[in-house]
Amino acid sequence: MIDFVSRLLRWYEQHRRNLPWRNYLDSYAIWVSEIMLQQTRVETVIPYFERWMERFPTIQSLAAASEQEVLAVWEGLGYYSRARNLHRAAQVVVERFEGVLPSSVEALQRLPGIGRYTAGAIASIAFGQDEPVLDGNVRRVYARLFDVNLAVDSREGEAELWKLAAEYLPKGRAGEFNQALMDLGAAICLPRRPRCLLCPIADSCLARQRGVVEERPVRLPQVNTPHYVQSAAVIVKRGRHGLCTLLAKRPSEGLLGGLWEFPNGRVDGEEPARGLASTLREQYRLEVQVEAGLGMIRHAYSHFRVTVHVFQAKLLRPLYRAREQRDASLKWVSFSDLGEYPMGKVDRRIATTLLTRCMS
DNA sequence: CAATCGTGGAC
DNA sequence: TGTCCAAGATT
């Protein structure tokens, strides 16, 4: 095995991407970027990172913000537990570490939202410690470089790859090396049609020597994603500050946790309009009359798909203020305030359509 | 510990 | 239209 480590480091010096978080000296910026980059592409993260650092420039400012505001800035990035965990972790750091992010992987990994990868990334990149990382890029690069035939998402494969990541880590340059592996995976050692002719360590690549680059990494078979049908209600009234619409807040755990949505429910197998009235009665104790269909939205989440039928509906019984206060999950929201209520993609589409319509 | 958790781009 | 998959963590 030729020395791929020094060649990779040399390649990185010349091809290092100029990413926003690489221009900060602050460990907080590295932390934010690593959380945002979990399962998310660099190009997607960049504008979110810039906005986030503008709105929450310090750990203290993040800790002091409301969850609603944090989620609003995160809206559209997905995996919203990342935002809630980052928010909580900032509060822990302020309360227990005097606002200073700890530097050891052990302490980092005790903070919500920081697992083995992220702890290694922060420790090596922000604090210069000799800690390995294993992300999707490193998995792919090492699975090819060492021709690992274990499934990378199996327990044995994971253990083998972490072992390799630690074994070849150059002492004193772990941060650079980890980023070099990830940049190589993102620019050269691509999942499909890897650019082996441009690869600085192609000579060392066992999978290439054996002609099985595109067969690596091996993955466990994936399960089929189910398909659900939902109906959602757009319920509008005239308030003293103009038009309002009824929104529901989702529970803070689980899918789209803490986000707002138009009252909805599953109507699998039923007539969408009839199913809407009954599901709203069951889930929110709302009595509505469906008035008109507004359209249909198809959407894919990570492990299922939905078709959402959207209806205009009117309340048959008013929503009493006492109940609106007691049951904070239901709220009349002025059209002009809709932007402050964090929503998932489907509901943001509905909200935007609603605003567009009422302008004309 | 296998299932859960979003969204967008590439092909 | 469908499938893969991306700087993973949590339960």
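Naming: A, B, ... by sequence-line order, numbering from 1 per chain.
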Asker: When the ring planes of A:Y228 and A:F304 are compared, do they come out parallel, tilted or perpendicular, using 30° and 60° as the limits?
Answerer: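 The rings of A:Y228 and A:F304 sit tilted, inter-plane angle from 30° to 60°.
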Asker: Would you indicate which nucleotide in C:dA7, B:dG6, C:dA9 comes nearest to any side-chain atom of A:T118?
Answerer: C:dA9
Asker: Apart from A:V267 itself, what residues make up its hydrophobic cluster, given side-chain heavy atom links below 4.5 Å?
Answerer: A:V229
Asker: Is the shortest side-chain N/O distance from A:H299 to OP1 or OP2 of B:dT7 below 4.0 Å?
Answerer: yes
Asker: Salt-bridged, A:R139 to A:E158, with N to O below 4.0 Å?
Answerer: yes
Asker: OP1, OP2 of C:dA6 versus side-chain N and O of A:R139: anything below 4.0 Å?
Answerer: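 For C:dA6, neither OP1 nor OP2 has a side-chain N or O of A:R139 closer than 4.0 Å.
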Asker: Of all of residues 16-41 of chain A, which get a heavy atom below 4.0 angstrom from DNA chain C, listed by number?
Answerer: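 Per residue number, the list reads A:R17, A:L19, A:W21, A:R22, A:E34, A:L37, A:Q38, A:Q39, A:R41.
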Asker: Parallel, tilted or perpendicular: which fits the ring planes of A:W11 and A:H15, with parallel below 30° and perpendicular above 60°?
Answerer: parallel
Asker: Scan A:S302 against the nucleic acid and name what it touches under 4.0 Å (heavy atoms): base, sugar-phosphate only, or nothing.
Answerer: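 If one applies the 4.0 Å heavy-atom cut-off, A:S302 turns out to touch a base.
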Asker: May I ask you to say what A:G344 touches in the nucleic acid, namely base, sugar-phosphate or nothing, with a heavy-atom cut-off under 4.0 Å?
Answerer: sugar-phosphate
Asker: For nucleotides B:dC11 and C:dA7, find the distance between their P atoms and express it as a whole number of Å.
Answerer: 15 Å
Asker: Go nucleotide by nucleotide along DNA chain B from the 5' end; which of A:R155 and A:L259 gets its closest nucleotide reached first?
Answerer: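 Nearest nucleotide further toward 5': that of A:R155.
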Asker: Of A:R305 and A:P112, whose closest DNA chain C nucleotide lies nearer the 5' terminus?
Answerer: A:R305
Asker: How far, in whole Å, is C:dC4 from B:dG6 if one measures between their C1' atoms?
Answerer: 15 Å
Asker: Using the C1' atom in both, what is the distance from C:dA6 to B:dC5, to the nearest Å?
Answerer: 14 Å
Asker: Answer with base, sugar-phosphate or nothing: what part of the nucleic acid does A:N224 contact at a heavy-atom distance below 4.0 Å?
Answerer: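 It contacts nothing in the nucleic acid.
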Asker: Check the distance between B:dA3's P and A:D153's CG and give it to me in whole angstrom.
Answerer: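 The distance from CG of A:D153 to P of B:dA3 comes to 12 Å, rounded to the nearest Å.
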Asker: With C1' as the reference atom in both, quote the distance from C:dG8 to B:dC1 in angstrom, rounded to an integer.
Answerer: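 Going atom to atom, C1' in each nucleotide, I get 15 Å.
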Asker: Kindly say if A:Y79 contacts the phosphate of B:dT4, meaning a side-chain N or O under 4.0 Å from OP1 or OP2.
Answerer: no
Asker: When the ring centroid of A:Y301 is compared with that of A:H299, is the distance short of 6.0 Å?
Answerer: yes
Asker: Within less than 4.0 Å of OP1 or OP2 of B:dC5, is there a side-chain N or O belonging to A:H303?
Answerer: yes
Asker: Can you name the closest pair of heavy atoms from A:E176 and A:L9 and give their distance?
Answerer: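 Where A:E176 meets A:L9 most closely, the heavy atoms are CB-CD2, 4.0 Å.
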Asker: Flag yes if more than 12 heavy atoms outside A:L25 fall under 6.0 Å of its CG atom; otherwise flag no.
Answerer: no
